[in-house]
Amino acid sequence: MSTETTQAPRAKIRVGADDLRAMVAGIFAARGVQEADAAAVAGTLVWANLRGIDSHGVSRVPRYPRAVRQG
């Protein structure tokens, strides 16, 4: 008997760069980051994704608020 579970493949969702920047900026703004700073961070993260550097793109969004809270 196998103990492995089979998961359905995840659907890919495409989000336009402008919408993604707005969403990411909104996440940071909701955490208390000034609007201009939130927009700058969002722009940089999306810029990284657009250039194929996904390891430094929006995948980092969950880590940054945690890092700020921890000082």
Side-chain angles (χ1 to χ4, degrees):
M1 181 177 357
S2 175
T3 59
E4 293 182 32
T5 59
T6 308
Q7 294 182 349
R10 296 171 107 179
K12 293 193 178 204
I13 299 171
R14 289 187 179 255
V15 178
D18 291 337
D19 290 336
L20 187 57
R21 268 189 291 276
M23 183 180 72
V24 172
I27 291 168
F28 284 106
R31 298 286 185 160
V33 176
Q34 297 291 321
E35 275 189 49
D37 293 334
V41 172
T44 301
L45 295 176
V46 172
W47 176 86
N49 281 113
L50 290 172
R51 277 139 188 87
I53 310 168
D54 295 335
S55 62
H56 286 72
V58 296
S59 66
R60 296 206 172 253
V61 169
R63 297 176 190 175
Y64 288 163
R66 194 173 343 163
V68 170
R69 276 195 314 271
Q70 294 173 348

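Keep in mind that the numbers below use all heavy atoms, side chains included, and drop hydrogens, waters and symmetry copies.
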* Asked: When rounded to the nearest 0.5 angstrom, what distance separates CZ in Arg31 from CZ in Arg66?
  ->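 So the gap between those two atoms works out to 9.5 Å.
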
* May I ask you to test the Val41-Val33 pair for a side-chain heavy-atom distance under 4.5 Å? =>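 Result no, sub-4.5 Å side-chain heavy-atom pair not found.
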
* Would you say Val24 and Tyr64 make side-chain contact, with heavy atoms under 4.5 Å? ->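 Sidechains of Tyr64 and Val24: no contact.
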
* Could you work out the complete set of other residues in the hydrophobic cluster of Trp47, with links drawn between I, L, V, M, F, W and Y side chains under 4.5 Å apart? =>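 Result for Trp47 is none, singleton.
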
* Applying side chain to side chain contact (heavy atoms under 4.5 Å, CB included) between Leu45 and each of Val58, Leu50, Leu20, report the one that passes. =>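 Per the side chain to side chain contact (heavy atoms under 4.5 Å, CB included) rule, the option paired with Leu45 is Val58, out of Val58, Leu50, Leu20.
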
* Considering all heavy atoms, the nearest Ala38-Ala29 contact ->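 Reported closest heavy-atom pair: CB-N, 4.0 Å.
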
* So, for Arg60 and Ser55, which heavy atoms are closest and what is the spacing to 0.1 Å? -> NE-O, 2.9 Å

* Would you confirm whether Arg21, through its side chain, and Ala39, through its main-chain N or O, come within 3.5 Å as a donor-acceptor pair? =>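 Not at all, since once roles are kept as given, no pair shorter than 3.5 Å links the two residues.
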
